Amino acid sequence: MVAIKAPRGVRDILPDESWKWAYVLEVASEVADLFGYREVYLPIFEDTALFARGIGDTTDVVEKEMYTFTDRSGRSLTLRPEATASMVRCYLEHGMQRERQPAKLWCSGPMFRYERPQKGRYRQFWQLDFEAIGVQDPMVDVETVALSLELFRRLGLSNLEVMVNSVGCPRCRPTYREKLKAYLAPHLDELCDSCRARFERNPLRTLDCKEEGCIEITQGAPDVVEHLCEECRSHFDQFLNGLEAIRASYRLNKRLVRGLDYYTKTAFEVTSGKLGAQNAVCGGGRYDHLAEAIGGPFTPGVGFAAGIERVILSMEEEGASFGERPSIDAFVVTAEASARPKAVSFLHELRRNGLRCDMDYAGKGMRGQLKAASSSGARFACILGSEELSRGAVAVKDLSSGEQREFPLERAAEMLKTILQGQAGG
RNA sequence: GUGGACGUAGCUCAACUGGUCAGAGCACUGGACUGUGGCUCCAGGGGCUGGGGGUUCAAGUCCCCUCGUCCACCCCA
């Protein structure tokens with residue numbers, strides 16, 4: 001038993017799993033390239049005010065889920081709960097408005113939220129984050145959705161549902177908000193506790209409630225989409241037309257209200273039918289006033305984040321491929337311990353030729369070394385025996401067929417490389 | 001933060017109503033096979049039964065606390 005264990009809600013990604021992560025990140029990187037998104041590496045902690053102002057201080061994330069601490073100089077810092085605010089901060093800080101717009105950026109990395117852990121929900125979790133900052137064109141919203149769908153398509157996810165909605169803007173939302181409140185007011189005592197609390201602070205969120213009673217009440221509530229201002233209405237129509245144009249199947253979900261304050265106009269979420277309660281595999285939308293909230297000039301933007309843990313869980317549930325699991329080409333074996341220096345130099349030679357290989361360092365006998373070769377998954381065992389060495393040769397055994405041949409020691413690396421490349425090529 | 005289930009070797013799990021119950025399989029190590037793996041057989045290492053307290057002649061088994069996991073709520077990725 002180890003004395004100190006990993007804190008609650010965080011976990012180690014072990015080798016049996018890490019190669020799957022590498023695959024997802026590789027595919028994400030390819031798709032980013034394909035869509036013209038450039039990668040950035042952002043800090044994992046930021047000034048607390050960035051999130052408090054950017055995300056909104058009445059949101060659950062800011063109110064009760066942040067890992068906030070004071071550093072030695074007394075500054076309040078917070079482990080990022082999401083990446084969008086950081087991305088916009090990065091854009092503003094580096095004056096990217098001077099470049100061609102929109103700035104299309106992506107990043108990946110861990111996010112932190114203090115929540116009760118659950119399947120697909122951790123306190124440290126990884127996201128892929130894609131943001132297009134600087135323009136209001138609804139076609140960018142379409143491209144954002146298209147990017148997420150292409151990413152999931154390449155990852156082999158099929159059991160997905162895309163939900164879209166528009167949450168309006170600071171011009172039309174207040175009007176709608178009042179209409180909604182007026183509608184809800186007479187039913188106030190029938191709503192659940194949390195919805196009563198939402199009524200004042202964020203009435204739109206009552207639409208998102210899963211309580212039977214609340215769902216029933218909100219059934220007849222005024223419709224967000226019906227109350228959009230002309231600009232939002234037009235934006236939403238163009239967005240939906242764009243989705244039709246790329247033949248994306250989506251579902252209009254009038255109850256889709258994102259939990260972060262900065263969303264305007266487009267909101268969307270992709271859910272996986274293969275997950276449990278935490279089934280959102282990606283979520284995002286437009287945030288035209290986020291930059292202003294954090295002290296910058298008006299800077300529209302749209303983007304989304306995908307949860308890597310959930311993507312991988314869904315892929316496993318759907319039996320999707322993670323590409324080829326890394327393995328070894330050759331395992332070097334010595335018959336006598338005296339040949340070990342020779343083995344080390346041979347191993348080095350193989351590696352210089354690009355062959356993935358290994359040898360035993362645990363002092364096993366020849367039999368044990370071959371067992372190790374076998375369980376390592378190596379294609380070949382290269383056996384350095386005194387007889388072979390005396391003729392300047394190495395015995396190369398194909399571990400799947402059992403066939404064994406002798407190669408001249410100084411040409412073995414090259415010959416093995418040729419054999420392996422020949423197979424890779426066809 | 002709320003509710004429920006659970007916590008025995010690295011992993012998957014046994015141990016009737018508290019009484020040789022601390023075990024098996026897999027994995028690991030070694031051997032049968034003194035220079036040839038995968039199969040088989042044999043042997044071995046490894047657990048203060050998550051931690052702490054209590055009840056009892058006796059607790060893995062009952063009670064309390066705590067930590068953690070899982071599921072759901074909440075919320076979201």
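Model, not experiment: these values are computed from the prediction. Side chains are part of it too, since the values below use all heavy atoms of this structure and drop only hydrogens, waters and symmetry mates.
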May I have the distance from [X] (atom [atom1]) to [N] (atom [atom2]), rounded to whole angstrom?
X: Leu128(A); N: rA77(B); atom1: CG; atom2: C1'; value: 10 Å
X: Asp60(A); N: rC74(B); atom1: CG; atom2: P; value: 11 Å
X: Arg80(A); N: rA77(B); atom1: CZ; atom2: P; value: 14 Å
X: Arg121(A); N: rU69(B); atom1: CZ; atom2: P; value: 12 Å
X: Trp106(A); N: rA77(B); atom1: CH2; atom2: P; value: 18 Å
X: Tyr361(A); N: rU29(B); atom1: OH; atom2: P; value: 17 Å
X: Trp21(A); N: rA77(B); atom1: CH2; atom2: C1'; value: 11 Å
X: Glu387(A); N: rU34(B); atom1: CD; atom2: C1'; value: 14 Å

Which value, in whole Å, describes the distance between the P atoms of nucleotides rU29(B) and rC63(B)? 42 Å
Pairing check on [N]: which nucleotide meets the Watson-Crick or G-U wobble criteria with it, both distances under 3.5 Å?
N: rC74(B); value: none
N: rC33(B); value: none
N: rG68(B); value: rC6(B)
N: rG47(B); value: none
N: rA58(B); value: none
N: rG23(B); value: rC13(B)

Mapping Arg123(A) and Pro117(A) to their closest nucleotides on RNA chain B, which lands nearer the 5' end? Pro117(A)
Reading RNA chain B from 5' onward, which residue's closest nucleotide shows up sooner: Ser386(A) or Val10(A)? Ser386(A)
First locate atom CZ of Phe199(A), then atom CG of Leu180(A), and finally report the distance between them rounded to the nearest 0.5 Å.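 Going from the CZ atom of Phe199(A) to the CG atom of Leu180(A) covers 8.0 Å.
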Determine the contact category for [X]: base if any of its heavy atoms lies under 4.0 Å from a base atom, sugar-phosphate if only primed atoms, P, OP1 or OP2 are that close, otherwise nothing.
X: Gly365(A); answer: nothing
X: Phe304(A); answer: nothing
X: Gly368(A); answer: nothing
X: Glu65(A); answer: sugar-phosphate
X: Gly283(A); answer: sugar-phosphate
X: Gly9(A); answer: sugar-phosphate
X: Glu388(A); answer: base
X: Ala373(A); answer: nothing

side-chain contact (heavy atoms from CB on, under 4.5 Å) for Arg80(A) and Phe51(A)? Distances and angles first, verdict last. CA-CA 8 Å; Arg80(A) 63 180 181 193; Phe51(A) 303 118; 3.5 Å; yes
Verdict with supporting geometry, Lys20(A) and Glu316(A), salt bridge (charged side-chain N to carboxylate O under 4.0 Å, His left out): CA-CA 10 Å; Lys20(A) 297 180 177 180; Glu316(A) 285 169 343; 2.8 Å; yes
Report yes or no: is the cationic atom of [X] (NZ for Lys, CZ for Arg) under 6.0 Å from the centre of the six-membered ring of [Y], at an angle within 45° of the ring normal?
X: Arg123(A); Y: Tyr114(A); value: yes
X: Lys397(A); Y: Phe380(A); value: no
X: Arg11(A); Y: Tyr122(A); value: yes

Considering only side-chain heavy atoms of [X], which listed nucleotide, [options], is closest?
X: Lys371(A); options: rC70(B), rG1(B), rG38(B); value: rG38(B)
X: Gln127(A); options: rA77(B), rG35(B), rG38(B); value: rA77(B)
X: Arg113(A); options: rA77(B), rG38(B), rU36(B); value: rA77(B)
X: Arg8(A); options: rU69(B), rA77(B), rC73(B); value: rU69(B)
X: Met366(A); options: rU36(B), rG38(B), rA77(B); value: rU36(B)
X: Gln118(A); options: rG35(B), rA77(B), rC71(B); value: rC71(B)
X: Gln278(A); options: rC74(B), rA77(B), rC70(B); value: rC74(B)
X: Leu370(A); options: rA77(B), rG68(B), rU36(B); value: rU36(B)

Parallel, tilted or perpendicular: which fits the ring planes of His227(A) and Tyr176(A), with parallel below 30° and perpendicular above 60°? tilted
Report yes if a side-chain nitrogen or oxygen of [X] is closer than 4.0 Å to either non-bridging phosphate oxygen (OP1 or OP2) of [N]; otherwise report no.
X: Arg116(A); N: rC73(B); result: no
X: Lys119(A); N: rU69(B); result: no
X: Lys5(A); N: rG50(B); result: no

Taking atom types as they are modelled, is there a donor-acceptor pair under 3.5 Å from the base of rU36(B) to the side chain of Gln404(A)? yes
I'd like to know if Glu115(A) reaches the base of rG1(B) with its side chain, counting only an N/O donor and acceptor under 3.5 Å.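 Such a pair does not exist between side chain and base.
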Under a plain distance cut-off of 3.5 Å, with no hydrogens placed, do Ser158(A) and Glu318(A) share a side-chain donor-acceptor pair? yes
